[in-house]
4 protein chains.
Amino acid sequence: MPRVSENYKEEKREAILDSAAQCFAEKGFSETTVDDIAKASKTSKGSIYLYFKSKEEIFHKLNDRRTEKYFEIKEQLSEFKNATAKIDYLFQYFISGKMDDNTLNHIAVQFEFWIYATKAGRQQVFDDRVERFTTFITEIIEEGIESGEFREDVQVKEFSRLFWSTLDGIVLHLLFHKDITEHRSMLRLYEQMIFKYLQN
Amino acid sequence: MPRVSENYKEEKREAILDSAAQCFAEKGFSETTVDDIAKASKTSKGSIYLYFKSKEEIFHKLNDRRTEKYFEIKEQLSEFKNATAKIDYLFQYFISGKMDDNTLNHIAVQFEFWIYATKAGRQQVFDDRVERFTTFITEIIEEGIESGEFREDVQVKEFSRLFWSTLDGIVLHLLFHKDITEHRSMLRLYEQMIFKYLQN
Amino acid sequence: MPRVSENYKEEKREAILDSAAQCFAEKGFSETTVDDIAKASKTSKGSIYLYFKSKEEIFHKLNDRRTEKYFEIKEQLSEFKNATAKIDYLFQYFISGKMDDNTLNHIAVQFEFWIYATKAGRQQVFDDRVERFTTFITEIIEEGIESGEFREDVQVKEFSRLFWSTLDGIVLHLLFHKDITEHRSMLRLYEQMIFKYLQN
Amino acid sequence: MPRVSENYKEEKREAILDSAAQCFAEKGFSETTVDDIAKASKTSKGSIYLYFKSKEEIFHKLNDRRTEKYFEIKEQLSEFKNATAKIDYLFQYFISGKMDDNTLNHIAVQFEFWIYATKAGRQQVFDDRVERFTTFITEIIEEGIESGEFREDVQVKEFSRLFWSTLDGIVLHLLFHKDITEHRSMLRLYEQMIFKYLQN
DNA sequence: CATGAATGAGCATTCATTCAT
DNA sequence: CATGAATGAATGCTCATTCAT
């Protein structure tokens, strides 16, 4: 019989993750000390290790969390009838989705994690992700081609990969310039370009 | 009266930079020790400090170097008569440019540097870059509009920013998947999309 | 809620200071490594930094400690009725005060600290000290003049400064020759000279 | 047949010593780098080692030089007829002797050297010095006693040691406060005290 | 003789992780 | 469960000394 409810533990885990995200976003993974995280999450250094095996594990979990969150949208898309509506909603989602500090922190951490994952022996992180995400878009595009919404000769695979590359590029620049208005107008422009390419 | 020619010193500097790029690309900036760089450049730890003030300075110089290299293309573009040819050449340049290990190392380092520059008190790195690079594209687009090659209602500013965001995104994914063929086909597809947007 | 009592922490601090004093006295501040101090105080290098910000801070604290100790006598003097008795007691104090190894270590460290404080940008250490110490003697001498114990034409200010200069010189030579007997006989002789000068 | 005259070499040695004294006085022995000395003496790091075996040797030589200089006065004293005149001249010498920057530098270095010599295995420096200097004063005092200038019951040995201790103390305080006027008035006062003690 | 590039031992300091309380 | 003191390995950087030119 655990003294402390699972619920409480889960909340504390999440709180530590959020605090860590803030620290990592502000100072970077390496520059952040476990003490920083402890202080930010108003707990003790020792407690951190009750919830996570290491500082590195926190980094990994933050990336997982962000990836799941980002992928949640897939569920919502099934409601939309055609490919055009789906892609349109996708952009709606990105353009009007909330961009609070916590979200920006997680974005920053995710990019740092990616760069980190680029290093020796950690590349498989990307293979999983690219698989999931390109398939996601591929299916929509194929649906659009089948229904006649999109041109037949769309290079589906290349397009899907370019789609996420561009989106990552746009989000990366949001990180650089911290200008959400600019970010949104880039997304809108990109949507136009996409439809210009897909349709007709 | 230096016993060692300036030329020799410059070569040594460059050699250290290349070695550092390799180390940073493999292990990341923080994980790389100055000893690693010394070993990789076949010199001593002390010598590193004859050529650079700190490990951090090496990081900065590597970013500077890459940025200059990337920007060199601007000179070459003046030869081309119209905006279409310029943009086309730009893509040629990116698509057929050499992608040896050293270049990939520098790309990896540059992205890590950007993430690092994202952190507290270092953002001005981006303002310089965005200014130079967006202006670069803006001028070409405006030339194209004036000459009638491109539509009048192109959103020049947004387009220019999107252009570099996308390019950065594509290069970032090259880093992730290390697949140059895929990288090139994405660039080709992006060129198509751009012209579809700009023309007519 | 500290797991370790404040008392314990204070004791540990003091123990580190004593060990450091021993190391500094034996090898000098620069030649002493933090490892030396750790070893001497039977703790770890890391622990040293739990109690002090830097090696230099230890050096400063040791000087502060010695200065306070040296100045403690002032309290005791208030009991004595006249200036002669006060000065006499002062010498008693110096002559018969204990001169164990720890004290000698602290003396050695203090002189090294002074020489160190002589260097660029650290001289204000002395202004505080000279003020406190000369005032201390000045008051006694003035009391003696008023009461008629001492000559009216004593050069109070010069005398006070000479007093501490001489005392410092005597203690410095104790450091050089480590001969406590000689040290005490010099103090006694100096007392004679002082009274010969002050009285009559 | 040496290419460069001995004279030139000697001058260069002296120049390096003076520069080193300046550096040591300003930053301390440990804090001074051989590069500092090279720069200050307008020569190269390598050259320093043509003239001195090590940084430490420079430190030693500086102390020797100062000690010799200080002892030079002994020769001059033989001209004076009696002990009183000799001591009087001694004070004249100290009080009106020049106190330029170079002299102050050497004083500073000497004290630092003493503290340094205090450390393990270097104490014999003092035994030599104390022997020479106390004998010097002892002889004068004994001459004065014999001639009837001074009291018969002067504690010659203690007095001689106290004499140098005090002088060192006074010079030490000059180092602390850098106030030459104050320094001279302390010397004058000390002379008074001495004669008050010796005579009558 | 003169130079200053090269070397690598040495050191202060930091910090992730452990563990006694 | 919670804490934070303790640890010591790890690392950036310095600098006396050497030596090829």
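Chain identifiers are assigned alphabetically (A, B, ...) following the order of the sequence lines, protein sequences preceding nucleic acid strands; residue numbering begins at 1 within each chain. Because the structure is predicted, anything quoted here is derived from the model rather than measured.
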Fill in: C/Phe111 side chain near D/Thr118 side chain, heavy-atom distance below 4.5 Å
no
Worksheet item: Quick one: is E/dT7 close enough that its OP1 or OP2 comes under 4.0 Å of any side-chain N or O from B/Thr43?
Response: yes
Response to the item:
A/Lys9 atom NZ is separated from F/dC1 atom C1', nearest whole Å, by 9 Å
Worksheet item: With distance as the sole criterion, is a donor-acceptor pair present between the side chains of A/Asp64 and A/Thr67 under 3.5 Å?
Response: no
Worksheet entry | Selected nucleotide, minimal atom distance to D/Tyr8 side chain, candidates E/dA2, E/dT17, F/dG8 | E/dA2
Worksheet entry | Whole-Å gap separating P (F/dC1) and CD1 (A/Ile16) | 12 Å
Discussion item. Tell me if the NZ atom of A/Lys12 is crowded by more than 12 foreign heavy atoms within 6.0 Å.
Written reply: yes
Worksheet item: In whole angstrom, what separates D/Phe52's CZ from E/dC1's P?
Response: 14 Å
Worksheet item: Between E/dT3, F/dT17, E/dT17, which nucleotide has the shortest distance from any of its atoms to the side chain of D/Val34?
Response: F/dT17
Fill in: Side-chain-base donor-acceptor pair under 3.5 Å for A/Lys45 and E/dT17
yes
Practice prompt. Hey, could you give me each pair passing salt bridge (Lys or Arg N to Asp or Glu O under 4.0 Å) that has a residue in residues 105-121 of chain D? Not counting sequence neighbours.
Written response: C/Glu112-D/Lys119, C/Lys119-D/Glu112
Worksheet item: How do D/Lys12 and C/Ser47 order along DNA chain E: which one's closest nucleotide is nearer the 5' end?
Response: D/Lys12
Worksheet item: Nearest-Å distance, CG (A/Asp35) to C1' (F/dT7)?
Response: 14 Å
Item to complete: Assess whether atom CG of D/Asp127 is packed by more than 12 heavy atoms of other residues, nucleotides or ligands within 6.0 Å.
Response: yes
Worksheet entry | Option passing ring pair (Phe, Tyr, Trp, His ring centres under 6.0 Å) with D/Phe24 (candidates D/Phe29, D/Tyr116, D/Phe113) | D/Phe29
Worksheet item: In whole Å, what is the span from the CD1 atom of A/Ile58 to the C1' atom of E/dT17?
Response: 12 Å
Discussion item. Tell me the interatomic distance from B/Glu31, atom CD, to F/dT11, atom P, rounded to whole angstroms.
Written reply: 9 Å
Practice prompt. Give the nucleotide from the list E/dA2, E/dA6, F/dG12 with an atom nearest to the side chain of B/Ser44.
Written response: E/dA6
Item to complete: Using only side-chain N and O atoms of D/Lys53, determine if any of them is under 4.0 Å from OP1 or OP2 of F/dA16.
Response: no
Practice prompt. Report yes if a side-chain nitrogen or oxygen of C/Tyr49 is closer than 4.0 Å to either non-bridging phosphate oxygen (OP1 or OP2) of F/dA6; otherwise report no.
Written response: no
Worksheet item: Any side-chain heavy-atom pair from D/Tyr51 and D/Leu17 closer than 4.5 angstrom?
Response: no
Item to complete: Assign C/Thr32 to base, sugar-phosphate, or nothing according to its heavy-atom contacts below 4.0 angstrom with the strands shown.
Response: sugar-phosphate
Item to complete: Nearest whole angstrom, please: distance from the C1' of E/dT18 to the NZ of A/Lys55.
Response: 17 Å
Worksheet entry | Nucleotide F/dT7, atom P - distance to CD1 of C/Ile48 in whole Å | 10 Å
Item to complete: Counting Watson-Crick and G-U wobble pairs whose two distances are both under 3.5 Å, find the runs of 3 or more in a row that involve DNA chain F.
Response: E:2-21 with F:2-21
